Amino acid sequence: MSSSHEEKRDPEATRRRLLEAAVRVFAQKGYYGATVDDIVAECGSSKGSFYFHFESKEALFLTLVESFAAMLADEVDRAVRSSPGGGAARIEEAVRAGLGLFERYPQLARVFLIESAAVNPRFEAKRRQLFDRFVRVIEVYLNEAKRNHRLAVADTRLAAAGILGAINEVVLQWLSGPRDRPLQQLAPEVSGFVLRAIGWDSGR
């Protein structure tokens, strides 16, 4: 079946395959090394199909990053809401959920954390907007915890940015290392670091 026929039959399937192919290509070649031709070849589609769905390589890349950010936010939110415990237990569940998503999608994680860091100034502004969104989410959790526990944190927004930076670094180290331990197994250590950093008292 030709790509044009496939496009007419199931355009959403074609779009999904282009995104999946792009993840593999970006992870292997980097943003600047990858071309639309590479993505099309990896997908087994056509340039016509590509430009039907995406204005440019940058537009597709931005779609990938925004989609992963939304997945990450949803995953963490579900974990926190479904946690039977409170306080420290919710923090550990949030960390576990986030690390688990990065572990399940290592190529997408590489695109999100590494390749998205230096695309261009306009994209960097968008990337900062996405990271600020996660800082605000963490800040909400910290403010909630501060109402019920003694925390050694005066500026919860600054603390939230520090926590996000620490988690990002853990994932980056895992992505670039031998990956001899499942990323999710690091959740207790990471959450323990987070709790100590904010001066969480022993009461849960």
Side-chain angles (χ1 to χ4, degrees), residues 1-76 78-79 95-131 133-134 164-165 167-187:
M1 178 180 293
S2 70
S3 59
S4 61
H5 288 161
E6 183 179 3
E7 183 66 56
K8 292 176 182 177
R9 184 175 64 86
D10 195 346
E12 281 307 307
T14 302
R15 183 178 187 276
R16 185 171 59 253
R17 290 193 304 107
L18 282 165
L19 288 168
E20 291 170 350
V23 170
R24 296 190 293 271
V25 173
F26 286 136
Q28 292 166 5
K29 297 190 173 185
Y31 177 81
Y32 289 108
T35 66
V36 171
D37 285 336
D38 292 330
I39 295 167
V40 167
E42 178 72 19
C43 179
S45 185
S46 69
K47 273 193 170 181
S49 292
F50 180 95
Y51 287 111
F52 176 83
H53 290 286
F54 304 102
E55 178 181 307
S56 62
K57 180 180 76 169
E58 182 179 319
L60 181 150
F61 191 80
L62 184 59
T63 298
L64 282 175
V65 173
E66 289 182 328
S67 297
F68 189 74
M71 284 172 58
L72 187 58
D74 289 345
E75 192 86 359
V76 171
R78 277 196 302 271
V95 171
R96 189 184 306 280
L99 295 182
L101 188 70
F102 282 119
E103 185 176 357
R104 290 201 302 277
Y105 301 101
Q107 289 180 311
L108 199 50
R110 180 173 291 279
V111 168
F112 184 67
L113 292 177
I114 300 175
E115 293 303 323
S116 66
V119 174
N120 59 45
R122 187 168 72 87
F123 191 88
E124 176 60 18
K126 181 63 177 180
R127 178 176 175 270
R128 291 308 319 165
Q129 180 184 343
L130 292 172
F131 274 78
R133 170 186 174 187
F134 285 107
L164 182 60
I167 293 172
N168 284 347
E169 186 60 30
V170 167
V171 177
L172 286 171
Q173 291 291 328
W174 182 81
L175 286 171
S176 59
R179 304 187 197 177
D180 50 352
R181 291 177 62 187
L183 186 55
Q184 239 181 343
Q185 281 188 7
L186 304 179

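Bear in mind the structure is a predicted one, so any value in this text is a computation, not a measurement.
When the side-chain hydrogen bond (donor to acceptor under 3.5 Å, both in side chains) test is applied to Asp37, the partners found at least two apart in sequence or on another chain are Lys47. Evaluation of the side-chain hydrogen bond (donor to acceptor under 3.5 Å, both in side chains) rule for Arg133 yields no partner, not counting sequence neighbours. With sequence neighbours excluded, the residues forming a side-chain contact (heavy atoms from CB on, under 4.5 Å) with Arg179 are Pro106, Arg110, Trp174, Leu175, listed by chain and number. Contacts of Asp74 classified as side-chain contact (heavy atoms from CB on, under 4.5 Å), with partners at least two apart in sequence or in another chain: Arg78. Applying the ring pair (Phe, Tyr, Trp, His ring centres under 6.0 Å) rule to Tyr105 yields no partners; only residues at least two apart in sequence or on another chain are considered. For Arg104, the salt bridge (Lys or Arg N to Asp or Glu O under 4.0 Å) partners at least two apart in sequence or on another chain are Glu75. Applying the side-chain contact (heavy atoms from CB on, under 4.5 Å) rule to Gln173 yields the partners Glu169; only residues at least two apart in sequence or on another chain are considered.
Separating the CG atom in Leu18 from the OG atom in Ser45 is a distance of 5.0 Å, to the nearest 0.5 Å. Distance check, rounded to the nearest 0.5 Å: CG of Leu60 to CZ of Arg15 gives 8.0 Å. Rounding to the nearest 0.5 angstrom, the gap separating the CZ atom in Phe102 from the CG atom in Leu113 is 4.5 Å. Rounded to the nearest 0.5 angstrom, Leu101 CG and Arg96 CZ are separated by 14.5 Å.
Residues Phe52 and Thr14 fail the side-chain proximity criterion, which asks for heavy atoms closer than 4.5 Å. Side-chain atoms of Phe131 and Asn168, non-hydrogen and from C-beta on, do get closer than 4.5 Å to each other. Ile167 has its side chain within reach of Leu99: a pair of non-hydrogen atoms, C-beta onward, lies under 4.5 Å apart.
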Under 3.5 Å donor-acceptor pairs involving side-chain atoms of residues 63-72, not counting sequence neighbours:
unit_1: Thr63; atom_1: OG1; unit_2: Ala59; atom_2: O; d: 3.0
unit_1: Glu66; atom_1: OE2; unit_2: Lys126; atom_2: NZ; d: 3.1
unit_1: Ser67; atom_1: OG; unit_2: Thr63; atom_2: O; d: 2.8

Item to complete: Output, in order, the C-alpha distance, side-chain angles, deciding distance and verdict of side-chain contact (heavy atoms from CB on, under 4.5 Å) for Phe134 and Val76.
Response: CA-CA 10 Å; Phe134 285 107; Val76 171; 5.9 Å; no
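Side-chain atoms of Arg17 come within 3.5 Å of backbone N or O of Cys43 as a donor-acceptor pair. Between the side chain of His53 and the backbone N or O of Glu12 there is no donor-acceptor pair closer than 3.5 Å. Distance alone, capped at 3.5 Å, places no donor-acceptor pair between the Lys57 side chain and the Thr35 backbone. A donor-acceptor pair under 3.5 Å links the side-chain atoms of Glu103 to the main chain of Leu183, judged by distance alone.
The aromatic rings of Tyr31 and Phe26 sit parallel to each other, their planes meeting at less than 30°, with 60° as the upper class boundary.
Looking at every heavy atom in both residues, Ala34 comes nearest to Val25 through CB-CG1, 3.5 Å.
The salt bridge (charged side-chain N to carboxylate O under 4.0 Å, His left out) pairs that include a residue from residues 23-33 are Arg24-Glu42, Lys29-Asp38, where partners are two or more places apart or lie in different chains.
For the side-chain contact (heavy atoms from CB on, under 4.5 Å) with Phe54, the lone residue among Val36, Ile39, Leu19 that qualifies is Leu19.
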